[in-house]
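Hydrogens, waters and symmetry mates are skipped; everything else that's a heavy atom, side chains included, is used.
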Amino acid sequence: LKEKVDLENQLEHEQEYIMHKLNKQLRETISKKDALQKKMEVERVAKEVLKAKIEEEEKQCKNALQVRLDQLKREKIEVETQKEQEIELTINKLSVILDRLVSERKELEDKLAFAVSYTHLTLPTKAQVQISWVAVSL
């Protein structure tokens, strides 16, 4: 009977030891689980913050690119307008020069027509031409 009591005590003692050991492992596991959940929550928040920063940077980049694109469009229009004005100015200058040349040509044609008609009226004789020729060659 004493052996039975001793054996029961020993079993009860072993049960308590195992229970304490299992309780300790359970608490450690729960503690690790809680720590992991906290870490996951911190990482989730950090991920959301990072995502928000990325979205804001994308928005800023997009806005900056749009501003630059608008500026380039304005500059292109300015350059095209300036080129058109330069072309128009060149055309106007060339038109004035052409008008002047046409007028000068007309004057020269008129002078030539007058000279031709005058030379027909006063053609030099062969002797006058020879004398002129001798005078030129001296």
Side-chain angles (χ1 to χ4, degrees):
L1 186 69
K2 183 174 182 306
E3 289 178 2
K4 186 177 179 187
V5 170
D6 286 344
L7 186 63
E8 283 180 2
N9 284 338
Q10 184 182 359
L11 283 175
E12 189 177 320
H13 188 62
E14 285 180 19
Q15 274 182 338
E16 284 180 19
Y17 173 77
I18 291 173
M19 282 294 286
H20 286 304
K21 186 176 178 180
L22 289 175
N23 279 336
K24 181 181 177 186
Q25 286 178 346
L26 180 62
R27 283 190 305 272
E28 288 173 356
T29 303
I30 289 172
S31 177
K32 287 179 183 179
K33 176 187 159 220
D34 290 343
L36 285 174
Q37 283 178 334
K38 287 177 185 177
K39 184 178 178 181
M40 282 177 52
E41 180 63 18
V42 167
E43 288 178 358
R44 184 190 66 76
V45 170
K47 180 181 173 184
E48 287 178 7
V49 168
L50 185 59
K51 182 180 177 184
K53 284 182 181 180
I54 289 171
E55 288 173 355
E56 182 60 28
E57 286 182 16
E58 285 176 348
K59 182 180 175 182
Q60 289 175 354
C61 285
K62 184 179 177 182
N63 289 340
L65 288 172
Q66 186 63 48
V67 166
R68 181 66 177 138
L69 179 63
D70 293 343
Q71 179 186 3
L72 289 173
K73 284 179 180 179
R74 286 190 305 275
E75 289 175 5
K76 178 184 175 194
I77 291 171
E78 289 173 13
V79 167
E80 288 174 347
T81 302
Q82 183 180 3
K83 286 296 177 185
E84 287 175 4
Q85 290 172 349
E86 289 174 3
I87 289 170
E88 187 176 339
L89 180 63
T90 302
I91 289 172
N92 289 340
K93 286 180 180 180
L94 290 174
S95 179
V96 167
I97 291 170
L98 183 60
D99 289 345
R100 192 188 74 223
L101 290 174
V102 167
S103 176
E104 289 176 6
R105 181 178 172 205
K106 175 79 170 109
E107 287 177 24
L108 290 173
E109 286 175 348
D110 290 346
K111 287 179 183 179
L112 181 62
F114 177 75
V116 168
S117 66
Y118 181 73
T119 55
H120 283 310
L121 297 175
T122 59
L123 285 176
T125 63
K126 188 174 182 182
Q128 289 173 335
V129 171
Q130 286 176 346
I131 292 170
S132 307
W133 177 253
V134 171
V136 169
S137 51
L138 291 176

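A donor-acceptor contact shorter than 3.5 Å is absent between the side chain of S31 and the backbone of R27. Looking only at distances, no side-chain donor or acceptor of S103 sits under 3.5 Å from a matching main-chain atom of D99.
Counting heavy-atom neighbours within 6.0 Å of E88 CD, excluding the residue itself, gives a total of 12 or less.
Under a 4.0 Å N-O distance rule, the pair D70/R74 does not qualify as a salt bridge.
To the nearest 0.5 Å, atoms CG (N23) and CD (Q25) are separated by 10.0 Å. For the atom pair CD of E109 and NZ of K111, the computed distance is 12.5 Å after rounding to the nearest 0.5 Å. Rounding to the nearest 0.5 Å places CD1 of I77 at 11.5 Å from CG of L72. Rounding to the nearest 0.5 angstrom, the gap separating the CG atom in L98 from the NZ atom in K93 is 16.0 Å.
Checked against T90 for a side chain to side chain contact (heavy atoms under 4.5 Å, CB included), the options N92, I87, L94 give a single hit: L94.
Every pair passing side chain to side chain donor-acceptor pair (under 3.5 Å) that includes a residue from residues 54-64 is listed here, sequence neighbours excluded: E56-Q60. Applying the side chain to side chain donor-acceptor pair (under 3.5 Å) test to every pair with at least one member in residues 43-52, sequence neighbours left out, gives these pairs: E41-R44, R44-E48.
Looking at heavy atoms from C-beta onward, V5 lies out of side-chain contact with K2 at the 4.5 angstrom threshold.
A donor-acceptor contact closer than 3.5 angstrom links the side chains of Q71 and E75. Between the side chains of D6 and Q10, not a single donor N or O lies within less than 3.5 Å of an accepting N or O.
Remark: E104 pairs with R100 by the salt bridge (charged side-chain N to carboxylate O under 4.0 Å, His left out) rule, at least two apart or across chains.
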